[in-house]
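For reference, the structure is listed below as structure tokens.
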Amino acid sequence: MKKVLVVDDSLSVARQLEKIIAESGDFTCVGHAKNGAEAIKMNHTENPDFICMDMNMPGMDGLTALRTLSVMDKEVKVVMVTSLGGVGDKFTEALKLGAKNVISKPFEAGDVLRILREL
Amino acid sequence: MAVKFFGQFLIEQGIVSGEALLKAIDLQEKNNLKFGEMAVAMELVTPAEIQRAHNAQMSKDMKLGDLLVEMGFLTADQMNDVFTRQKSTHLYIGEALVQAGALTDDALLKQLDAFKADQAEYVSDGIELPFTSASNHIWEMTADLTYKMITRVLDLRFRSGKCSLATVIPPNYMLVAMDLSGDVEARYLISVSEGLLKTIARVILGEESVDDEPAEVLEDTVMEFVNVVCGNVAAKASQAGVIININPPVTLHPPASGLPIPDGHTALSFPIHIEDDDTMEMILLIKG
């Protein structure tokens with residue numbers, strides 16, 4: 001099973017994503033980080049294959065964490081999950097910083113799993 | 001489904017790769033000159049004059065073109081000529097993808113039609129506001145997207161009430177606020193009753209009962225709803241060239257007398273009548 005780390009300051013979004021991942025049959029959720037700094041620590045301790053990460057979080061935001069993760073870990077694949085996905089500049093910046101894709105909120109379970117399976 | 005821009009739609013549909021999109025964006029960045037770059041390219045101003053105007057912008061909140069006119073480096077007609085040239089030479093993302101070899105002309109037209117169909121749900125309906133400002137189209141769109149997301153995300157049946165100017169933010173069980181900055185300065189608020197809070201939590205968490213959930217989780221569901229609405233407002237505004245930044249949402253528990261309207265702000269109230277006689281309210285506190 002591929003391991004997924006969820007990074008979102010919202011408890012409800014984390015619950016939604018954890019449920020989608022748990023019911024997928026081919027992914028397992030290895031934890032929930034509430035900001036970018038926690039994500040970097042948990043990437044080190046949990047060694048996930050994929051990270052689903054929000055952009056807009058208090059403390060270290062998602063794009064800052066993505067910039068750090070891209071340098072520190074060339075293996076992990078990051079997908080941004082954000083309500084700002086439709087803002088062209090944000091979408092482009094995420095791709096330039098190494099995100100594999102961007103999922104806009106609100107999302108459907110099928111879209112999240114399709115994108116993770118395509119990575 | 002959310003508000004998207006065309007490049008994002010094409011990646012989601014598997015029509016182009018992320019690498020192809022970045023190549024096309026690179027072409028756009030090389031082709032689509034900023035105002036100062038275009039004015040220099042048209043030999044209307046020198047790079048040194050642009051630098052002086054940029055320095056002046058540190059202490060004056062003015063757009064570069066207006067400042068160049070004020071400083072006597074450009075005439076108003078020349079400023080308009082620069083805008084016209086920027087518009088007439090603008091390379092759109094679809095055209096850039098064709099130039100980059102990622103799409104054919106025929107495929108571009110077909111995908112533009114598919115994109116319009118995908119985004120038809122988010123075409124704004126007219127909403128009447130009781131005041132006039134240069135950003136009215138943004139506030140109308142904000143209300144419209146809120147209504148659409150109540151249907152799309154919360155799956156609630158409702159009737160929107162008439163928008164009015166408010167003198168106080170009325171009391172309710174809780175409010176969630178999100179500050180908007182950038183080209184507009186405003187605070188977006190959603191006010192809900194205790195019953196509606198549980199209804200929203202049940203839908204967002206996908207649970208039949210939320211009676212055992214801590215208050216923190218219940219409140220978070222409304223915060224996430226506000227985050228989704230405002231993120232999509234920012235996306236829709238960016239399509240119109242308006243930059244809106246969003247900040248993490250916060251919760252407020254107003255006293256029985258309600259909350260006062262801060263000085264220098266206009267408050268717009270949008271009542272939302274949910275079935276079963278429950279009421280939600282959207283409030284916009286607009287600076288200026």
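Convention: sequence-line order gives letters A, B, ...; per-chain numbering from 1.
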#### Entry: Heavy atoms of other groups near Glu216(B) CD, more than 12 under 6.0 Å
no
### Query
Can you check whether Asn232(B) reaches Ser104(A) side chain to side chain, under 4.5 Å on heavy atoms?
no
### Message
Looking at every heavy atom in both Asp220(B) and Ser10(A), which two are closest together, and how far apart are they?
### Response
OD2-OG, 2.7 Å
### Query
Is it true that atom NE2 of His44(A) has more than 12 heavy atoms of other residues, nucleotides or ligands lying nearer than 6.0 Å?
no
#### Entry: For chain A, which residues of residues 240-249 of chain B have heavy atoms nearer than 4.5 angstrom
Ile246(B), Asn247(B), Pro248(B)
#### Entry: Interatomic spacing from CZ in Phe91(A) to CD1 in Ile11(B) - rounded to 0.5 Å
4.0 Å
### Task
Please report the closest heavy-atom contact between Glu108(A) and Arg152(B), naming both atoms and the distance.
OE2-NH2, 3.1 Å
### Message
Can you tell me which portion of Ile204(B) sits under 4.5 Å from chain A's heavy atoms? Options are side chain, backbone, both or neither.
### Response
both
### Message
Is it the case that over 12 heavy atoms from other parts of the model lie below 6.0 angstrom from the CZ atom of Arg117(A)?
### Response
yes
### Task
Would you mind checking which part of Glu213(B) comes under 4.5 Å of any heavy atom in chain A, side chain (CB onward), backbone (N, CA, C, O), both or neither?
side chain
### Task
Please flag which part of Met57(A) lies under 4.5 Å from any non-hydrogen atom of chain B: side chain, backbone, both or neither.
backbone
### Proximal component of Lys100(A), with respect to chain B [non-hydrogen, under 4.5 Å]
neither
### Query
Where does Glu207(B) contact chain A at under 4.5 Å (heavy atoms): side chain, backbone, both or neither?
side chain
### Query
Which bit of Val153(B) comes within less than 4.5 Å of chain A, counting heavy atoms only: side chain, backbone, both or neither?
side chain
### Query
Using non-hydrogen atoms only, which part of Glu29(B) is less than 4.5 Å away from chain A: side chain, backbone, both, or neither?
side chain
### Message
Is it the case that atom NZ in Lys2(A) sees more than 12 heavy atoms from other parts of the structure closer than 6.0 Å?
### Response
no
### Query
Under 6.0 Å from the CG atom of Asp212(B), do we count more than 12 heavy atoms belonging to anything else shown?
no
### Message
Whether Glu224(B) and Arg15(A) form a salt bridge (side-chain N of Lys/Arg under 4.0 Å from carboxylate O of Asp/Glu) is what I want to check.
### Response
no
#### Entry: CZ (Phe83(B)) with more than 12 external heavy atoms under 6.0 Å
yes
### Best-contacting candidate, Leu218(B), Ile25(B), Ile93(B), against chain A by heavy atom pairs under 4.5 angstrom
Ile25(B)
### Message
Quick check on the interface: out of Asp8(A), Leu11(A), Thr92(A), Val13(A), who has the most heavy-atom pairs with chain B under 4.5 Å?
### Response
Leu11(A)
#### Entry: Nearest heavy atoms of Glu12(B) and Val102(A), plus distance in Å
OE2-O, 4.4 Å
#### Entry: Pairing residues for Met1(A) by the side-chain contact (heavy atoms from CB on, under 4.5 Å) criterion, not counting sequence neighbours
Thr28(A)
### Minimum heavy-atom distance Ala235(B)-Gly86(A), with the two atoms named
CB-C, 3.5 Å
#### Entry: Check: Asn227(B) main-chain N/O paired with Ser83(A) side-chain donor or acceptor under 3.5 Å
yes
### Query
Between Asn101(A) and chain B, which part of the residue has a heavy atom less than 4.5 Å away: side chain, backbone, both or neither?
side chain
### Query
Between Gly231(B) and Leu84(A), which heavy-atom pair has the shortest distance, and what is it?
CA-CD2, 4.0 Å
